[in-house]
Amino acid sequence: MLDRTSLELAVLQMARLQGEKLDRHTLYTTRNEIRNALAAKERWRRTMEAALPVEETTPAPLILFIVAKIIVIVSH
C-alpha cells in the first residue's frame, strides 16, 4: 500500500493537471481527507482482526444422518 505522503502528492498532481488552483485551503482539505480515509481503513482493519472468526457448522440433523449411514455401511 502507498504511504500517506505518496497519496497526497499523487492527488495534488492530478489536481494540478486538471488546472485546479492549489491554495492553502485545497492543500489542507486534501491532506485531511486522505488522513481520514486512511484512518478509517485502519479502524476497519483492526475491527475485522478483533472480530471473532465465524465458525461454519453443519446442522445437527445432517450430522446424525451421516453418522447413521456410516454405521449402517460399516455394520454390513
Side-chain angles (χ1 to χ4, degrees):
M1 185 177 110
L2 296 173
D3 61 338
R4 180 185 51 84
T5 54
S6 297
L7 288 172
E8 286 176 6
L9 292 174
V11 169
L12 292 174
Q13 183 62 27
M14 289 187 326
R16 277 189 205 102
L17 292 174
Q18 292 180 354
E20 291 287 330
K21 181 179 144 189
L22 298 180
D23 56 359
R24 290 181 183 261
H25 177 70
T26 305
L27 296 175
Y28 175 79
T29 304
T30 303
R31 288 185 179 129
N32 280 340
E33 290 294 325
I34 290 174
R35 286 181 183 154
N36 289 340
L38 291 176
K41 184 177 179 180
E42 180 65 20
R43 283 193 305 272
W44 177 258
R45 185 188 65 78
R46 287 184 184 179
T47 301
M48 291 298 107
E49 283 181 357
L52 296 175
V54 177
E55 295 181 18
E56 294 186 25
T57 57
T58 307
L62 181 58
I63 292 175
L64 294 175
F65 175 75
I66 293 171
V67 170
K69 284 290 198 180
I70 292 172
I71 292 173
V72 169
I73 292 172
V74 171
S75 65
H76 280 103

K.L.:
About how many Å separate OG1 of T30 and CG of L7, when rounded to the nearest 0.5 Å?
P.N.:
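One finds 12.0 Å between CG of L7 and OG1 of T30.
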K.L.:
Measuring from atom NE2 of H25 to atom OH of Y28, what distance do you get when rounded to the nearest 0.5 angstrom?
P.N.:
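Answer rounded to 0.5 Å: 9.0 Å.
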K.L.:
Could you give the distance from CG (L38) to CZ (R43), rounded to the nearest 0.5 Å?
P.N.:
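Reported to 0.5 Å precision, the distance equals 10.5 Å.
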K.L.:
When rounded to the nearest 0.5 angstrom, what is the spacing between CG in L12 and OG1 in T5?
P.N.:
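The OG1 atom of T5 is 11.0 Å from CG of L12, to the nearest 0.5 Å.
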K.L.:
Can you list every pair that meets salt bridge (charged side-chain N to carboxylate O under 4.0 Å, His left out) and has a residue in residues 5-32, with sequence neighbours left out?
P.N.:
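Listed once each, the pairs are R4-E8, E8-R31.
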K.L.:
Salt bridge (charged side-chain N to carboxylate O under 4.0 Å, His left out) with R35: which residues, sequence neighbours excluded?
P.N.:
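For R35, no residue satisfies salt bridge (charged side-chain N to carboxylate O under 4.0 Å, His left out) once neighbours in sequence are set aside.
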K.L.:
Calculate, to the nearest 0.5 Å, the distance between atoms CE and CD belonging to M14 and Q18 respectively.
P.N.:
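If I round to the nearest 0.5 Å, the distance is 7.0 Å.
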K.L.:
Look at R46 together with E49 and state whether they make a salt bridge at an N to O cut-off of under 4.0 Å.
P.N.:
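Salt bridge: no.
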